[in-house]
Enquirer: 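What follows is a single structure, and I will ask about it in a moment.
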Amino acid sequence: MTFEKPEPKAKFFTCPHCGILAKQNWSDLMTQFDGSGGWIRQTNMTVGLCDYCSKITIWLGKEMLFPSKPNVPLPNDDLNPDIKEDYNEAAEIVEKSPRSASALLRLAIQKLCQQLGEKENLNVSIGKLVKKGLPVKIQQALDVVRVIGNESVHPGEIDLRDDKNTAYKLFELVNIIAHTMITQPKEIENLYKNLPQKKLEGIVERDDNSKQ
């Protein structure tokens, strides 16, 4: 599922209420305090209305004031519980401390490599995962956000250059790696196992003949 980070006055983003990538309708925030003075336009405050669920977001400049819950996708269901815990903790603090969130997410990526059977340092582990089917583009993306490569920081360490954009990319990468290396192979295996027995026997026979 495509995730677009909520941004003020963006035409589309993933709604933090319904989780749907939807059109957003915008208006300045108007208030009336005593009921007699008319409506007052609040400076630098806007309200977005989701075209899908009709719920609103409230913004002060570039900061989303409501809702206050994290604006990130849920962690992949196939992640180990301790990785989900790191991911969710990062989601809780990303708006206030993107540097701390990024450190937790780098730690989550290190643990995810271990879940996938790679126990060495991140650079070596990611290289081995590429040989197992992880797209090279993901490896390159991990380099961009300084997870591996010459400018990498150690998992769990804070990089003073990290910003919200880096943190949000790391959320996406955790889920992409999990989907590519765990969820997708599992789904394909389930599809294969649910084939009719005669189809399975035919596939085995075909493969045996191809070896001759």
Enquirer: For Pro6 versus Thr14, what's the shortest heavy-atom pair and its separation?
Expert: CG-O, 3.6 Å

Enquirer: Has the side chain of Trp26 got a donor or acceptor atom that lies under 3.5 Å from a matching backbone atom of Lys11?
Expert: no

Enquirer: Roughly how far, to the nearest 0.5 Å, is the CG atom of Leu74 from the CG atom of Leu79?
Expert: 11.5 Å

Enquirer: List, one per line, each side-chain donor-acceptor pair under 3.5 Å for residues 127-137, sequence neighbours excluded.
Expert:
| from | atom 1 | to | atom 2 | distance (Å) |
| --- | --- | --- | --- | --- |
| Lys128 | NZ | Glu120 | OE2 | 2.3 |
| Lys132 | NZ | Glu118 | OE2 | 2.6 |

Enquirer: Show me the pairs that pass salt bridge (Lys or Arg N to Asp or Glu O under 4.0 Å) and involve residues 150-160, at least two apart or across chains.
Expert: Arg146-Asp159, Glu151-Arg161, Asp159-Arg161

Enquirer: Enter the distance from Asn88:CG to Ile93:CD1 here, rounded to the nearest 0.5 Å.
Expert: 11.5 Å

Enquirer: Locate the shortest heavy-atom distance separating Ile148 from Asp143; write the atom from each residue and the value.
Expert: O-OD1, 2.9 Å

Enquirer: Between Asp77 and Lys186, is there a side-chain N and carboxylate O pair less than 4.0 Å apart?
Expert: no

Enquirer: Could you walk me through whether Ser152 and Asn123 satisfy the side chain to side chain donor-acceptor pair (under 3.5 Å) test, starting with their C-alpha distance in whole Å, then the side-chain angles of each, then the deciding distance to 0.1 Å, before giving a yes or no?
Expert: CA-CA 9 Å; Ser152 64; Asn123 197 41; over 6 Å; no

Enquirer: Can you name the closest pair of heavy atoms from Gln110 and Pro155 and give their distance?
Expert: OE1-CG, 3.2 Å

Enquirer: Would you name the heavy atoms of Ser100 and Ile158 that are closest together and state the gap between them?
Expert: OG-CD1, 3.9 Å

Enquirer: Say you draw a straight line from CG of Asp78 to CG of Asn76; how long is it, rounded to the nearest 0.5 Å?
Expert: 5.0 Å

Enquirer: Looking at every heavy atom in both Gln42 and Thr31, which two are closest together, and how far apart are they?
Expert: NE2-OG1, 2.6 Å

Enquirer: Show me the donor-acceptor pairs within less than 3.5 Å that the side chains of residues 46-62 make with the rest of the protein, sequence neighbours left out.
Expert:
| from | atom 1 | to | atom 2 | distance (Å) |
| --- | --- | --- | --- | --- |
| Asp51 | OD1 | Asn25 | ND2 | 3.3 |
| Thr57 | OG1 | Trp59 | NE1 | 2.9 |

Enquirer: State, to 0.1 Å, how close Val124 and Asn121 come at their nearest heavy-atom pair, and which atoms those are.
Expert: N-OD1, 3.0 Å

Enquirer: Please report the interatomic distance NZ(Lys96) to NZ(Lys164), rounded to the nearest 0.5 Å.
Expert: 8.0 Å

Enquirer: Can you establish whether the number of heavy atoms outside Glu85 located under 6.0 Å from its atom CD is more than 12?
Expert: no

Enquirer: Just wondering, more than 12 heavy atoms not from Lys23 lying within 6.0 Å of its NZ?
Expert: no

Enquirer: Would you please test Leu112 and Met181 for side-chain contact (heavy atoms from CB on, under 4.5 Å) and show each step?
Expert: CA-CA 10 Å; Leu112 177 52; Met181 302 303 293; over 6 Å; no

Enquirer: Parallel, tilted or perpendicular: which fits the ring planes of Phe66 and His17, with parallel below 30° and perpendicular above 60°?
Expert: tilted

Enquirer: Determine, stepwise, if the pair Tyr87 / Asn175 fulfils side chain to side chain donor-acceptor pair (under 3.5 Å).
Expert: CA-CA 10 Å; Tyr87 184 104; Asn175 277 339; 3.1 Å; yes

